[in-house]
Protein chains: 2
Amino acid sequence: MAIENVYNKNSLKKVAEKAGVSIATVSRVINNSPNVNPETRIRIEKIVKDLKYTPNRVAKRLRNRNASGNLLGVLIPDIQNPFYIEVLRGIEDVAYKKKYALIVCNFSQDETKEKLYLDILQSESVDGLIAAPTHEHDQKVINVVKTGLPIVCVDRGLVDADVDVVLVDNRKGAFTAVDYLAKKGYKRIAYISGIPNLPSSRERELGYRDALDANSLPAYDELIRYGDSRHDSGVKLCDELLNLSKPPDAIFTGNNLITLGALETIHKKGLKIPDDVAIIGFDDMYWSISLNPPLTAVRQPAYEIGKCAAEQLISRITNPDRPTSNMILKTELMIRNSC
Amino acid sequence: MAIENVYNKNSLKKVAEKAGVSIATVSRVINNSPNVNPETRIRIEKIVKDLKYTPNRVAKRLRNRNASGNLLGVLIPDIQNPFYIEVLRGIEDVAYKKKYALIVCNFSQDETKEKLYLDILQSESVDGLIAAPTHEHDQKVINVVKTGLPIVCVDRGLVDADVDVVLVDNRKGAFTAVDYLAKKGYKRIAYISGIPNLPSSRERELGYRDALDANSLPAYDELIRYGDSRHDSGVKLCDELLNLSKPPDAIFTGNNLITLGALETIHKKGLKIPDDVAIIGFDDMYWSISLNPPLTAVRQPAYEIGKCAAEQLISRITNPDRPTSNMILKTELMIRNSC
DNA sequence: GTGAAAGCGCTAACAC
DNA sequence: GTGTTAGCGCTTTCAC
């Protein structure tokens, strides 16, 4: 390797030499420790500035394993899902303010990948982790919790593990949507579910059933389809639904990506929304209004979820003994023209 | 701090003790170095497995500054832009295959933030960096290039710096779009530009002008608006355009987010696409077909851009002396129904 | 108020 | 084929 990365030749040692003090003193100045002569401090601070010295984060992390490395891990199931992007934005804004950097790992709902990333994250000695586990019994994440690493779960909780959780009331959100549909007079309301063993999918199904019940509508098995929370799944399951001998008059889609997929199918079939079939989605997007037609949807405060999660995490890192908490945020029905 | 992060008490030392050898030998086994007795190797491998030993990435990075830390930095201007998400996916897929983790930094087109992240990335001793600089004279990135850190630029090049670049032929892409519009008979074609000092914005403007020229259409100053590459900017500038005494009959939008913003305005005004005004966008999205109406757009192979960038970067890390290269990928006009 | 030194986990040069 | 050791940059204990 001929090329040498010349960056950051600066080190405590360099600064110390220039200041004629020991590295310990410089370290104290950098970390605002007490017990350093005010004059020495000023002198060193000047040199630090001149040399543009910045502490080496890697060395710092190696030294103090589990704290102050200013590095957070984020484990996301699907980066194509705009919901997680918004969550990520929320996390990022808070992290930035507190000078934390983020290692973002997108495991694409692949458990092998999830495992690898979890290992990497620990091996990188992150100070804490924000994760959306594959499901509530996700042993891989639970194991990490057991190591004592501060963790906040978003979107999905964890059974048998004492962690902070930030999510929305999925059941209620789904209820609101389906109830709205029922009150509008739709009779055969279908539900396209995301991955069925996700707590959020199940909760939404419960909300869906609650609403049917509340409106004395029967729940037809053939109108409930289970997919994998992805675009393709929305395309396919919607197609199945619309090919039924008695197709639904309205569809409640279990997430963002499914909604988009379902829309694609509906358009391909040349069906009119909402006249031929109505659609209401879980998850709103900032461009939902530009969809065809403007989409009625249950909005999750995704940005806020991320923000809260990051705040919770940082608070836990600085105060590990705080009892864990569950934050349940509210959803909001965004009424537009798709039903 | 009462809680102790118990993770990874494992270390070379632990394994070495258990195997009754020195840490050097264990290190050799881990790194598949030659010169180790096959039997010893097998014995150690077993212990490694039993102990679930995984090398500490932080220590490794501290030791070998500029290589083999298996960590890459990604510097992205706007994570809300689906284009960058696709790029990120491409990067991530390649990185994962080669066991690299990613530190993803979204600077939200904020130069202060960009600077901070650049510092952090270097301070983390990443092996290499994929970046979309704010503009082609981005001194902050150029400085990093000068340190010798392997860098690949995406979407935007860098003047006066010898780096690998992966992008598309923006001028040609824009030409294709506007030429298509002109051939369709539109006479007053507007252009909503992203941040004007971005090379991509300028190239797209050139392509736009080329196409007007080629079709003997005049370029009206009032029909060219410059924004900041964001959704809001699309909303606002489109509104200005449509309030003109002689409004455009077609709009060419400079990127994803601007397109979405423009659509929002057009819908708000109750205008019909393409009858009242046509629209063609730079950047395609996988859900463009579900927009109102299905959007005609210039598709950038975003995923491939990310993929190529990551491959280029890894190749440069392993072979720093390879001459730099420019990869220019092709765009594709996705014809749907918005004009 | 300051310095010397140990040690975080690892690699690589060198010795045997 | 294997072991010893220095050192990456940092924090922290213990002297002074």
Side-chain angles (χ1 to χ4, degrees), chain A residues 1 4-44 48 51 53-71 120 122-127, chain B residues 1 4-44 48 51 53-71 120 122-127:
Chain A
M1 307 259 167
E4 186 193 357
N5 185 344
V6 164
Y7 170 77
N8 205 6
K9 285 285 182 195
N10 287 339
S11 61
L12 285 186
K13 203 170 153 199
K14 273 268 162 47
V15 179
E17 277 168 12
K18 193 142 185 179
V21 296
S22 75
I23 59 169
T25 304
V26 181
S27 176
R28 289 192 186 101
V29 171
I30 298 294
N31 296 299
N32 286 314
S33 307
N35 298 335
V36 37
N37 184 313
E39 287 171 22
T40 325
R41 163 158 277 141
I42 291 172
R43 205 174 76 244
I44 292 179
V48 164
L51 254 41
Y53 167 77
T54 51
N56 181 314
R57 298 168 58 101
V58 179
K60 201 166 176 172
R61 280 221 302 295
L62 179 59
R63 181 57 231 247
N64 325 338
R65 319 283 265 105
N66 52 333
S68 71
N70 287 304
L71 186 65
I120 288 182
Q122 290 177 89
S123 176
E124 288 287 351
S125 305
V126 292
D127 298 336
Chain B
M1 305 256 170
E4 186 193 358
N5 185 344
V6 164
Y7 171 77
N8 205 8
K9 285 287 184 195
N10 287 339
S11 61
L12 284 186
K13 203 170 153 199
K14 273 269 161 46
V15 179
E17 276 167 12
K18 192 143 186 175
V21 295
S22 75
I23 59 168
T25 304
V26 181
S27 177
R28 288 191 188 101
V29 171
I30 297 293
N31 296 300
N32 285 313
S33 307
N35 298 335
V36 37
N37 185 314
E39 287 173 21
T40 323
R41 162 159 277 142
I42 291 173
R43 205 175 77 244
I44 293 179
V48 164
L51 254 41
Y53 167 77
T54 51
N56 181 313
R57 298 168 58 99
V58 179
K60 200 165 177 174
R61 224 126 38 71
L62 178 59
R63 181 58 231 247
N64 325 339
R65 319 283 264 98
N66 51 334
S68 71
N70 287 305
L71 187 64
I120 288 183
Q122 291 176 89
S123 176
E124 289 288 352
S125 303
V126 292
D127 298 335

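Just so it is clear, the values below take in all heavy atoms, side chains as well, and ignore hydrogens, waters and symmetry mates. Numbers restart at 1 for each chain; the letters A, B, ... are given by sequence-line order, proteins then strands.
- In this structure, A/L62 places its CG atom 7 Å from P of C/dG9, rounding to the nearest Å.
- At the phosphate of D/dC8, neither OP1 nor OP2 sits under 4.0 Å from any side-chain N or O atom of A/S11.
- Atom-to-atom distance recorded for A/Q122:CD and B/R57:CZ is 12.0 Å, nearest 0.5 angstrom.
- Taking atom CD1 on A/I23 and atom P on D/dG7, their separation rounds to 14 Å, with Å as the unit.
- Residues A/R41 and A/R28 approach most closely at NH2-O, 3.6 Å, considering heavy atoms.
- We find that CG of A/N56 is positioned 18 Å from P of D/dG7, with the value rounded to whole Å.
- The phosphate of C/dT2 (OP1 or OP2) has a side-chain N or O of A/T40 nearer than 4.0 angstrom.
- Counting only heavy atoms from C-beta on, B/A59 has its side chain closest to C/dG9 among C/dT2, C/dG9, D/dC10.
- Summarising the geometry of A/L62 relative to B/V58, their closest heavy-atom pair is N-CG1, 3.7 Å, with the distance given to 0.1 Å.
- Residue B/K18 holds its NZ atom at 10.0 Å from NZ of B/K14, rounded to the nearest 0.5 Å.
- The separation between B/K14 atom NZ and C/dC8 atom C1' is 13 Å, rounded to whole Å.
- If you measure from atom CG of A/N64 to atom P of C/dA6, you get 19 Å, rounded to the nearest angstrom.
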Between the protein and nucleotides 13-16 of chain C, are there any N/O to N/O pairs under 3.5 Å, and if so, what are the atom names and distances?
none

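- The side-chain contact (heavy atoms from CB on, under 4.5 Å) test with A/S27 singles out one residue from A/I30, A/N31, A/T25, and that residue is A/N31.
- The minimum heavy-atom distance linking A/S22 with A/A16 is given by the pair C-CB, 3.8 Å.
- Taking 4.0 angstrom as the limit, A/T25 places a side-chain polar atom (N or O) nearer than this to OP1 or OP2 of C/dG3.
- A heavy-atom distance below 4.5 Å is not found between the side chains of A/N10 and A/T54.
- Between A/S22 and C/dT2, a side-chain N or O to OP1/OP2 separation shorter than 4.0 Å is absent.
- Across all strands shown, A/V21 has heavy atoms under 4.0 Å from sugar-phosphate atoms exclusively, and none from any base.
- Take the nearest nucleotide of DNA chain D for B/P34 and for A/S27: the residue whose nucleotide is more 5' is B/P34.
- Note: NZ (B/K60) to C1' (D/dG9) measures 19 Å, nearest angstrom.
- Atom CG of B/N10 is separated from atom C1' of C/dC10 by 15 Å (rounded to the nearest Å).
- The distance from atom CG of B/N31 to atom C1' of C/dC10 is 9 Å, rounded to the nearest whole Å.
- If you check every strand for non-hydrogen atoms under 4.0 Å, A/N35 touches a base.
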